[in-house]
Amino acid sequence: MKTLDFAVIGGGIVGCSVAWQLKRAVPDASVVLIEKEAELAAHQTGHNSGVIHAGIYYAPGSLKARLCKEGNAATYAFCDAHGIAYERCGKLLVATTELERQRMQALYERGLQAGLDCALLSEAQLHAREPRIRGLGAIHVRDTGIVDYRQICARMAALFAADGGQVMQGCAVTAISEQADVVRLETSNGTMQVRHLVACAGVQADRMLRLAGIEPDFAIVPFRGEYYRLAPHLDDVTRALIYPIPDPDLPFLGIHLTRMIDGSVTVGPNAVLGFAREGYPRFSVDAKDVREMLGFPGFWKLMPKYLRTGIKEFANSAFKRGYLRECRKYCPELRASDLLPYRAGIRAQAVGRDGALIHDFLIRRTARMTHVCNAPSPAATSAIPIGRHIVDELLRSPAAQEAG
Ligand SMILES: Cc1cc2nc3c(=O)[nH]c(=O)nc-3n(C[C@H](O)[C@H](O)[C@H](O)COP(=O)(O)OP(=O)(O)OC[C@H]3O[C@@H](n4cnc5c(N)ncnc54)[C@H](O)[C@@H]3O)c2cc1C
């Protein structure tokens with residue numbers, strides 16, 4: 001059996017970014033990108049808000065903050081170089097209560113510390129800029145933008161293929177065995193052997209480790225992000241993206257009004273515990289996913305911490321009125337009939353055995369494997385520097401010395 005130099009599992013934006021940059025860095029290496037679905041970007045990458053984040057939320061100096069800032073610039077540059085449509089429309093983080101106004105001030109100072117191009121708007125300035133949005137004030141983050149990440153993913157894969165990389169779609173990896181000099185993969189298309197494996201499997205990240213015989217010390221818990229599309233007469237309701245001021249104790253950003261690159265506006269996503277990692281219709285249940293989740297001790301430690309929020313999210317998911325109440329805080333003209341159905345996304349949220357949500361990017365390495373275990377938002381924005389970081393590490397691995 002021929003031994004290839006590298007295999008990358010996962011045709012989401014992280015896997016595509018790694019494969020594309022790896023082939024460019026080691027042109028003589030044989031590199032294969034393996035995706036189980038017929039299409040690339042079939043999961044998180046194709047079911048997100050399409051926001052190019054600027055990085056205001058992340059602690060200055062953290063890896064997440066640095067990769068987001070670099071990723072913001074790299075994403076715009078990639079789109080410019082490859083003719084991909086984007087819009088640097090900016091974002092407003094709107095405070096609607098006195099508590100949020102205090103939190104807004106702290107967030108603004110964090111943005112300044114991180115060197116972001118942002119400004120504080122008074123109530124009057126907010127009204128002048130966005131007459132249909134109501135709030136006590138806002139932070140304007142100018143470098144936030146929108147794009148379709150599926151297009152970026154497709155272009156990275158096309159560049160990879162043009163450089164001689166092999167893209168295998170509709171090919172699921174079913175077993176992994178790391179040996180002294182190779183990694184053996186069983187796939188739905190047969191067996192293959194590679195010198196180094198990079199797994200970027202999103203919601204299946206913990207299972208990739210287990211397939212390779214490594215017991216993960218975390219589990220992926222799926223959190224659904226449900227959206228509505230606003231009725232077309234509201235396509236011009238806002239010029240910028242409108243976000244609430246996040247609660248620092250909660251991991252997700254809150255329901256926001258997002259202009260999409262096709263001209264429509266979505267509202268969402270919420271964050272509802274999911275019972276199927278890849279089941280998009282509401283109330284989807286996958287018995288294996290539920291069994292594993294309930295059997296993971298960290299799940300039972302996580303639940304009590306977010307019980308109140310979790311119940312509220314379930315209620316708002318089941319009843320449109322609750323959802324509507326959240327967005328009417330900053331856009332009072334919205335009515336229930338304005339919220340039209342839209343596809344949901346499912347976040348891969350890594351949770352530790354102690355029940356802590358893992359917020360940072362998490363990468364595990366062995367002699368011949370690199371596993372991306374946690375690539376939460378803003379990993380679509382940060383995919384280019386994440387890929388570069390992984391490739392830089394790989395260039396120091398034995399596989400890179402043996403390649404070609
Ligand atoms: C609702 C929502 C909104 C978000 N909004 C934003 C945003 O606005 N901006 C932003 O920057 N980020 C956002 N994110 C986060 C971002 O989408 C993800 O961080 C990013 O897409 C992760 O990419 P990935 O390649 O790691 O995972 P994925 O895109 O999920 O790709 C993983 C791939 O691995 C494949 N795979 C899994 N198992 C196997 C196997 N056994 N064999 C072969 N292939 C396999 C899967 O089929 C999948 O295609 C959002 C996420 C969600 C869910």
Side-chain angles (χ1 to χ4, degrees), residues 7-19 32-55 57 64 67-68 71-72 75 91 144-150 152-153 156-157 168-176 185-189 197-208 210-212 220 222-227 241 243 252-253 255-256 258 260-261 266 268-272 274 277-278 280 342-350 361-363 371-384 386-387 390:
V8 180
I9 302 176
I13 196 160
V14 176
C16 288
S17 169
V18 171
V32 59
L33 174 64
I34 307 171
E35 168 54 52
K36 70 178 162 62
E37 307 294 348
E39 308 266 314
L40 299 174
H43 293 295
Q44 294 177 94
T45 302
H47 290 83
N48 62 28
S49 305
V51 176
I52 305 172
H53 285 288
Y57 303 104
K64 221 172 176 181
L67 293 181
C68 185
N72 178 281
T75 303
K91 143 175 172 175
T144 304
I146 49 172
V147 73
D148 181 347
Y149 283 109
R150 288 170 297 193
I152 296 189
C153 218
M156 286 172 172
M168 293 175 74
Q169 287 164 227
C171 176
V173 173
T174 53
I176 301 171
L185 300 179
E186 300 298 334
T187 78
S188 51
N189 292 13
L197 171 70
V198 185
C200 312
V203 284
Q204 309 294 347
D206 51 348
R207 289 182 178 150
M208 284 299 119
R210 210 169 282 124
L211 279 186
I220 296 292
F223 278 92
R224 294 174 59 77
E226 296 161 342
Y227 296 85
L241 311 180
Y243 279 63
F252 302 117
L253 303 182
I255 292 171
H256 41 92
T258 313
M260 306 303 275
I261 201 68
T266 60
N270 58 4
V272 187
R277 295 190 188 197
E278 296 181 355
Y280 293 95
Y342 194 75
R343 61 166 189 252
I346 301 174
R347 302 175 186 85
Q349 177 61 57
F361 302 128
L362 181 67
I363 298 175
H371 285 259
V372 177
C373 301
N374 196 39
S377 186
T381 305
S382 311
I384 295 175
I386 292 175
I390 291 172

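Numbering of ligands and ligand atoms starts at 1, following listing order. All values derive from a computational prediction rather than experimental measurement.
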Distance (rounded to the nearest 0.5 Å) between Lys36 NZ and Ser188 OG: 10.5 Å
Side chain, backbone, both or neither: the part of Ala383 lying under 4.0 Å from ligand 1 by heavy atom: neither
Nearest protein heavy atom with distance in Å, relative to atom 35 (C) of ligand 1: Glu35 OE1, 3.3 Å
Shortest protein contact, atom 34 (O) of ligand 1 (heavy atom only): Gly10 CA, 3.3 Å
Ligand-side contact atoms (ligand 1) for residue partner Ala379, heavy atom cut-off under 4.0 Å: 19 (O)
N/O separation below 3.5 Å, Arg347 to ligand 1: no
Trace of the side chain to side chain contact (heavy atoms under 4.5 Å, CB included) decision for Gln169 with Leu40: CA-CA 7 Å; Gln169 287 164 227; Leu40 299 174; 3.9 Å; yes
Best match, Ser377, Ala271, Gly225: closest heavy atom to atom 14 (N) of ligand 1: Ser377
Protein residue, atom and distance nearest to atom 50 (C) of ligand 1, heavy-atom basis: Asn48 CB, 3.4 Å
Side-chain H-bond candidate by donor/acceptor type, Tyr149 with Thr381, under 3.5 Å: yes
For ligand 1, the portion of Cys16 having any non-hydrogen atom under 4.0 Å away: neither
Heteroatom proximity flag, Ala375 to ligand 1, N/O under 3.5 Å: yes
Check: Arg224 side chain, Tyr280 main-chain N or O, donor-acceptor pair, under 3.5 Å: yes
Heteroatom distance test (Glu278, ligand 1): nitrogen or oxygen, under 3.5 angstrom: no
Trace of the side chain to side chain contact (heavy atoms under 4.5 Å, CB included) decision for Met156 with Ile384: CA-CA 10 Å; Met156 286 172 172; Ile384 295 175; 3.6 Å; yes
Gap between atom NZ of Lys64 and atom OG of Ser377 - 0.5 Å precision: 7.0 Å
Contact check: His47 vs ligand 1, nitrogen or oxygen atoms, below 3.5 angstrom: no
Proximal candidate to atom 16 (C) of ligand 1 [heavy atom criterion; set Ala380, Ser17, Ser188]: Ala380
Set of side chain to side chain donor-acceptor pair (under 3.5 Å) partners for Gln44, sequence neighbours left out: none
Ligand 1 contact on Val14 by region, counting heavy-atom pairs under 4.0 Å: both
Heavy-atom side-chain proximity of Ile386 to Ser17 below 4.5 angstrom: no
Of the listed options Ala201, Ala199, Gly268, closest to atom 37 (C) of ligand 1 (non-hydrogen atoms): Ala201
For Gly50, the ligand 1 atoms whose distance to one of its heavy atoms is below 4.0 Å: 8 (O)
Protein contact of atom 8 (O) of ligand 1 - nearest heavy atom, named by residue and atom, plus distance: Val51 N, 3.0 Å
Expected output: side-chain Asn189 to main-chain Cys171 donor-acceptor under 3.5 Å: no
Distance from atom 29 (O) of ligand 1 to nearest protein heavy atom, with residue and atom: Thr45 OG1, 2.5 Å
Non-hydrogen atom of Phe223 closer than 4.0 Å to ligand 1: no
Within-shell test, Ala348 vs ligand 1, heavy atom, strictly < 4.0 Å: no
Test item, Ile13 contacting ligand 1 (heavy atom, 4.0 angstrom): yes
Under 3.5 Å donor-acceptor, Glu35 side chain and Glu37 backbone: yes
Protein residue, atom and distance nearest to atom 31 (O) of ligand 1, heavy-atom basis: Gly12 CA, 3.4 Å
Parallel, tilted or perpendicular: ring planes of His47 versus His43, cut at 30 and 60 degrees: parallel
Check: Tyr57 and Cys68 side chains under 4.5 Å, non-hydrogen atoms: no
N or O contact, Ile9 vs ligand 1, cut-off under 3.5 Å: no
Ile346 contact mode with ligand 1 (heavy-atom cut-off under 4.0 Å): backbone
Gln204, any N or O under 3.5 Å of ligand 1 N or O: no
Nearest-neighbour protein heavy atom for atom 3 (C) of ligand 1, which is reported as residue plus atom name and distance: Tyr227 OH, 3.3 Å
Flag side-chain contact, heavy atom, 4.5 Å: Asn72 against Ile52: yes
Nitrogen or oxygen of Ala41 less than 3.5 angstrom from that of ligand 1: no
Plane angle bin for Tyr342 and Tyr227 - parallel if under 30°, tilted between 30 and 60°, otherwise perpendicular: perpendicular
Proximity of Pro376 to ligand 1 by residue part, where a heavy atom lies under 4.0 Å: backbone
Side chain, backbone, both or neither: Arg207 near ligand 1, heavy atoms under 4.0 Å: neither
Identity and distance of the protein heavy atom lying nearest atom 42 (N) of ligand 1: Val173 N, 3.0 Å
